[in-house]
Colleague: 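Below you will find the structure I want to go over with you.
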Amino acid sequence: MSTSRGQRSSDWKILAALVALSAVPALAGTARLSELARGAAVTAANARFFAMPLPVVLHIVAVIPFSMLGALQFAPGFRLRHRTWHRAAGRVVVLLCGLIAAMTGIWMTLVYPWPAGDGEALYIERLVFGTGMLLSMLLAITAIRQRNFTVHGEWMLRAYAIGMGAGTQVLTHLPYVLLVGQPDESTRAVLMGAGWVINVVFAEWIIRRSSTRRTIMHARSRHRHWPNPAADDTH
């Protein structure tokens, strides 16, 4: 019972952290959709979205459920208790929302004019991490088709980490803006890149820790099933 309560508590902590990380980008995306829907005044900051609204609308509509449903996918106890829901939500997260989010992210990078403060370094970062997310999604799909659940989960975690970069980028920007002011082009590239890198490094740490734990559990299981020479000693 105490183990079950501990698992549920751990699930809630994971969910709370991931939902909080998703909150600011989700609110910003919702505000952007509202702005486009009601025909707000066109400014230098939003002109590219009014000129071509389709990619940004698709991106926002896909990213919000991807981040929120994804939070439930990575709560271990919840996933084990609700396997059917996990599979159904996984199809939505992976096949629909995740792929659309990754592809529209690349699309926007390629077709939208650079906003003030962006530059070549950030343009390259967006392409690299957007492509990395898309490849991770495709490898996750390939793994689940092969019934390799462990590899599927690892690639989904990598894709989710990249997709959640916008949330971490709020955290990398906020101290700098409060203490220094608005970043210049090169500093903004560093702060944006840091958000993605932090998430990817953390995801790899989780994957390595899980792999080590599985190895230890497998070794213990084999040890329990080894014959005990002392038990067979008739002398």
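Sequential numbering from 1 along the given sequence is applied to the chain's residues. All values derive from a computational prediction rather than experimental measurement.
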Colleague: Grouping I, L, V, M, F, W and Y whenever their side-chain heavy atoms are under 4.5 Å apart, do Met103 and Val56 come out in a common cluster?
Modeller: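 Met103 clusters together with Val56.
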
Colleague: Please, which pairs that meet ring-ring contact (aromatic ring centres under 6.0 Å, His included) have at least one residue in residues 183-211, sequence neighbours excluded?
Modeller: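 Residue pairs with at least one partner in residues 183-211: Phe129-Trp196, Phe202-Trp205.
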
Colleague: What is the minimum heavy-atom distance between Arg158 and Ser136, and which atoms define it?
Modeller: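 Taking every non-hydrogen atom into account, CB-OG, 4.0 Å.
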
Colleague: Under a 4.5 Å side-chain heavy-atom rule over Ile, Leu, Val, Met, Phe, Trp and Tyr, are Ile64 and Leu69 clustered together?
Modeller: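 Hydrophobic grouping puts Ile64 with Leu69.
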
Colleague: For Ala140, does its backbone N or O pair with a side-chain atom of His152 as donor and acceptor, under 3.5 Å?
Modeller: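 Such a contact is found between His152 side chain and Ala140 backbone.
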
Colleague: Give the C-alpha distance, both sets of side-chain angles, the deciding distance and a yes or no for side-chain contact (heavy atoms from CB on, under 4.5 Å) between Thr142 and Val151.
Modeller: CA-CA 9 Å; Thr142 300; Val151 172; over 6 Å; no

Colleague: Provide the full list of ring-ring contact (aromatic ring centres under 6.0 Å, His included) pairs with a residue in residues 25-68, sequence neighbours left out, each pair given once.
Modeller: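 Pairs touching residues 25-68 that pass the test: Phe49-Tyr112, Phe66-Tyr160.
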
Colleague: Donor-acceptor check, side chain of Thr172 to backbone of Leu191, threshold 3.5 angstrom: yes or no?
Modeller: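 It does hold such a pair.
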
Colleague: Does any N or O in the side chain of Ser22 come within less than 3.5 Å of the main-chain N or O of Leu18, such that one atom is a donor and the other an acceptor?
Modeller: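 Yes; at least one donor-acceptor contact below 3.5 Å.
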
Colleague: Could you check whether Arg188 pairs with Glu185 (Lys NZ or Arg NE/NH1/NH2 to Asp/Glu carboxylate O, under 4.0 Å)?
Modeller: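 Salt bridge absent between Arg188 and Glu185.
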
Colleague: Does Arg145 have any side chain to side chain contact (heavy atoms under 4.5 Å, CB included) partners at least two apart in sequence or in another chain, and if so, which?
Modeller: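 For Arg145, the residues satisfying side chain to side chain contact (heavy atoms under 4.5 Å, CB included) (neighbours in sequence not counted) are Ile141.
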
Colleague: Say you draw a straight line from CG of Asn199 to CG of Leu157; how long is it, rounded to the nearest 0.5 Å?
Modeller: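 So the gap between those two atoms works out to 10.0 Å.
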
Colleague: Measure the spacing between CD of Gln182 and OH of Tyr176 and express it to the nearest 0.5 Å.
Modeller: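 It is 9.5 Å, given to the nearest 0.5 Å.
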
Colleague: Once rounded to the nearest 0.5 Å, what's the spacing between atom CZ of Arg208 and atom OG of Ser210?
Modeller: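 Taking CZ in Arg208 and OG in Ser210, the distance rounds to 10.5 Å.
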
Colleague: Check whether Met164 and Trp155 end up in the same hydrophobic cluster, where Ile, Leu, Val, Met, Phe, Trp and Tyr are linked by side-chain heavy atoms less than 4.5 Å apart.
Modeller: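 No, separate clusters.
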
Colleague: Over all heavy atoms of both residues, which pair between Leu122 and Ala189 is shortest? Give the atoms and the distance, please.
Modeller: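 Heavy-atom minimum between the residues: N-CB, 4.1 Å.
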
Colleague: Would Leu139 end up clustered with Met133 when hydrophobic side chains under 4.5 Å apart are linked, directly or stepwise?
Modeller: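 No, Leu139 and Met133 fall in different hydrophobic clusters.
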
Colleague: Identify which one of Thr109, Thr131, Asp118 satisfies the side-chain hydrogen bond (donor to acceptor under 3.5 Å, both in side chains) criterion when paired with Arg126.
Modeller: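 Of Thr109, Thr131, Asp118, side-chain hydrogen bond (donor to acceptor under 3.5 Å, both in side chains) with Arg126 is met by Asp118 alone.
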
Colleague: Quick check: does any side chain N or O of Arg147 sit under 3.5 Å from a backbone N or O of Ile144, one acting as donor and the other as acceptor?
Modeller: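 It does not hold such a pair.
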
Colleague: If you compare all heavy atoms of His173 against all heavy atoms of Pro183, which two are closest, and at what distance to 0.1 Å?
Modeller: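 The pair with the smallest heavy-atom distance is CD2-CG, 4.3 Å.
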
Colleague: Is any side-chain heavy atom of Leu127 less than 4.5 Å from a side-chain heavy atom of Leu110?
Modeller: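 Yes, at least one pair of side-chain atoms sits under 4.5 Å.
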
Colleague: Do you reckon Val19 sits in the same ILVMFWY cluster as Val24, going by side-chain contacts under 4.5 Å, direct or chained?
Modeller: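 They do not share one cluster, since no chain of ILVMFWY contacts under 4.5 Å joins Val19 to Val24.
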
Colleague: Pro25: what forms a side chain to side chain contact (heavy atoms under 4.5 Å, CB included) with it, not counting sequence neighbours?
Modeller: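 Expected list: Ala166.
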
Colleague: Evaluate the criterion side-chain contact (heavy atoms from CB on, under 4.5 Å) for residue pair Met52 and Val111; output intermediate values, then yes/no.
Modeller: CA-CA 9 Å; Met52 186 183 294; Val111 303; 3.8 Å; yes

Colleague: Which pair of non-hydrogen atoms, one from Met192 and one from Gln169, has the smallest distance, and what is that distance?
Modeller: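 Taking Met192 first and Gln169 second, the nearest heavy atoms are O-NE2, 3.1 Å.
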
Colleague: Under the side chain to side chain contact (heavy atoms under 4.5 Å, CB included) test, which residues partner Val201, sequence neighbours left out?
Modeller: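 For Val201 the side chain to side chain contact (heavy atoms under 4.5 Å, CB included) partners, ignoring immediate neighbours, are Val197.
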
Colleague: Side-chain contact test, heavy atoms from C-beta onward, threshold under 4.5 Å: evaluate it for Leu33 versus Val61 and give yes or no.
Modeller: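 A side-chain contact under 4.5 Å exists here.
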
Colleague: side-chain contact (heavy atoms from CB on, under 4.5 Å) for Leu138 and Leu99? Distances and angles first, verdict last.
Modeller: CA-CA 8 Å; Leu138 295 175; Leu99 289 174; 4.1 Å; yes

Colleague: Would you say Thr104's side chain and Ala101's backbone share a donor-acceptor pair under 3.5 angstrom?
Modeller: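 Side chain of Thr104 to backbone of Ala101: a pair is present.
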
Colleague: Verify side-chain contact (heavy atoms from CB on, under 4.5 Å) between Leu27 and Thr30, making sure each step is shown before the conclusion.
Modeller: CA-CA 5 Å; Leu27 291 173; Thr30 301; 5.5 Å; no

Colleague: Minimum heavy-atom separation for Met156 to Met137, with atom names?
Modeller: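 Where Met156 meets Met137 most closely, the heavy atoms are SD-SD, 4.2 Å.
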
Colleague: Which residues pass the side chain to side chain contact (heavy atoms under 4.5 Å, CB included) test with Val190, sequence neighbours left out?
Modeller: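 Here no residue qualifies.
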
